[in-house]
Participant: 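This is the structure, below, for whatever I ask next.
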Amino acid sequence: MRHPNDNSFAERRKTAADAKQKLLAKFASAPKADDPAVQERRAEREAIAAAREARRAEREALKAEEHERLRKEAAELTAAAEAHEKAEAAAREAEINERVSRVVADEAARKAERDRRYAARKARQR
């Protein structure tokens with residue numbers, strides 16, 4: 001059974017050729033590379049790309065600046081921490097030295113008192 005919309009081979013071939021001709025006509029009527037409108041759009045795209053590149057470079061410069069600032073800040077904090085540690089170590093060392101000198105002085109005082117008592121006892125015995 002034949003369908004009423006069933007095209008013959010010749011009709012399908014003619015339709016395909018017409019479609020191909022229309023497609024070629026469409027591309028033939030498309031603006032060429034030297035067309036002012038095409039050049040204007042290309043210039044716009046290039047300007048946008050240049051602006052985008054400038055913004056990217058600016059962002060990178062800001063990031064580099066921020067990175068450098070953070071690096072300096074970290075170096076300053078490290079130096080301050082090292083100075084603080086050195087000051088604490090010096091204070092501990094001074095405290096230890098003070099304790100040692102007090103112990104030595106107390107020991108000398110005890111020895112002197114012991115020697116005095118010994119000498120007093122010897123003097124009494126004579």
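What you are looking at is a predicted structure, and each value in this text was computed from that prediction instead of being measured.
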Participant: Would you mind writing out the side-chain donor-acceptor pairs for residues 56-63 within the sub-3.5 Å range, not counting sequence neighbours?
Facilitator:
residue: Arg56; atom: NE; partner: Glu53; partner atom: OE1; Å: 3.3
residue: Arg56; atom: NE; partner: Glu53; partner atom: OE2; Å: 3.3
residue: Arg56; atom: NH1; partner: Glu60; partner atom: OE1; Å: 3.0
residue: Arg56; atom: NH1; partner: Glu60; partner atom: OE2; Å: 2.4
residue: Arg56; atom: NH2; partner: Glu53; partner atom: OE1; Å: 3.4
residue: Arg56; atom: NH2; partner: Glu53; partner atom: OE2; Å: 2.1

Participant: Checking Glu88 now: which residues fulfil side chain to side chain donor-acceptor pair (under 3.5 Å) with it, not counting sequence neighbours?
Facilitator: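 For Glu88, the residues satisfying side chain to side chain donor-acceptor pair (under 3.5 Å) (neighbours in sequence not counted) are His84.
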Participant: What is the distance from atom CG of Leu70 to atom CD of Glu65, rounded to the nearest 0.5 Å?
Facilitator: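 Atom-to-atom, Leu70:CG and Glu65:CD are 11.0 Å apart.
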Participant: Which distance, rounded to the nearest 0.5 Å, do you find between the CD of Gln21 and the CG of Leu24?
Facilitator: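 That separation rounds to 5.5 Å.
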Participant: For residues 33-43, run the donor-acceptor check on the side chains, cut-off 3.5 Å, and write out each pair with its distance to 0.1 Å, sequence neighbours left out.
Facilitator:
none

Participant: Using the salt bridge (charged side-chain N to carboxylate O under 4.0 Å, His left out) criterion, which residues pair with Lys111? Sequence neighbours excluded.
Facilitator: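 Once residues adjacent in sequence are excluded, the partners of Lys111 under the salt bridge (charged side-chain N to carboxylate O under 4.0 Å, His left out) criterion are Asp115.
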Participant: What is the distance from atom CZ of Arg13 to atom OG1 of Thr15, rounded to the nearest 0.5 Å?
Facilitator: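 The OG1 atom of Thr15 is 12.0 Å from CZ of Arg13, to the nearest 0.5 Å.
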Participant: Please name all residues satisfying side chain to side chain donor-acceptor pair (under 3.5 Å) with Glu107, sequence neighbours left out, ordered by chain then number.
Facilitator: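 Per chain and number, Glu107 pairs via side chain to side chain donor-acceptor pair (under 3.5 Å) with Arg110.
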Participant: Run the side-chain contact (heavy atoms from CB on, under 4.5 Å) test against Glu93 and tell me which residues pass, sequence neighbours left out.
Facilitator: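 Scan of Glu93 (side-chain contact (heavy atoms from CB on, under 4.5 Å), adjacent residues dropped) gives Asn97.
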Participant: List in chain and number order the residues that pass side chain to side chain donor-acceptor pair (under 3.5 Å) with Arg92, two or more places apart in sequence or in another chain; answer none if no residue qualifies.
Facilitator: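 By the side chain to side chain donor-acceptor pair (under 3.5 Å) rule, Arg92 matches no residue at all.
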Participant: Please list, chain by chain and in numerical order, all residues satisfying side-chain contact (heavy atoms from CB on, under 4.5 Å) with Val104, sequence neighbours excluded.
Facilitator: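 Applying side-chain contact (heavy atoms from CB on, under 4.5 Å) to Val104 gives Val100.
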Participant: Mind checking what makes side chain to side chain donor-acceptor pair (under 3.5 Å) contact with Glu73, not counting sequence neighbours?
Facilitator: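 For Glu73, the residues satisfying side chain to side chain donor-acceptor pair (under 3.5 Å) (neighbours in sequence not counted) are Arg69.
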Participant: Please name all residues satisfying salt bridge (charged side-chain N to carboxylate O under 4.0 Å, His left out) with Asp18, sequence neighbours left out, ordered by chain then number.
Facilitator: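 Testing Asp18 for salt bridge (charged side-chain N to carboxylate O under 4.0 Å, His left out), a comparison that skips the adjacent residues, returns Lys14.
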Participant: Taking only residues two or more places apart in sequence or in another chain, which ones pass side-chain contact (heavy atoms from CB on, under 4.5 Å) with Glu95?
Facilitator: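 Scan of Glu95 (side-chain contact (heavy atoms from CB on, under 4.5 Å), adjacent residues dropped) gives Arg99.
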Participant: What residues form a side-chain contact (heavy atoms from CB on, under 4.5 Å) with Arg117, not counting sequence neighbours?
Facilitator: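 For Arg117, the residues satisfying side-chain contact (heavy atoms from CB on, under 4.5 Å) (neighbours in sequence not counted) are Glu113, Arg114.
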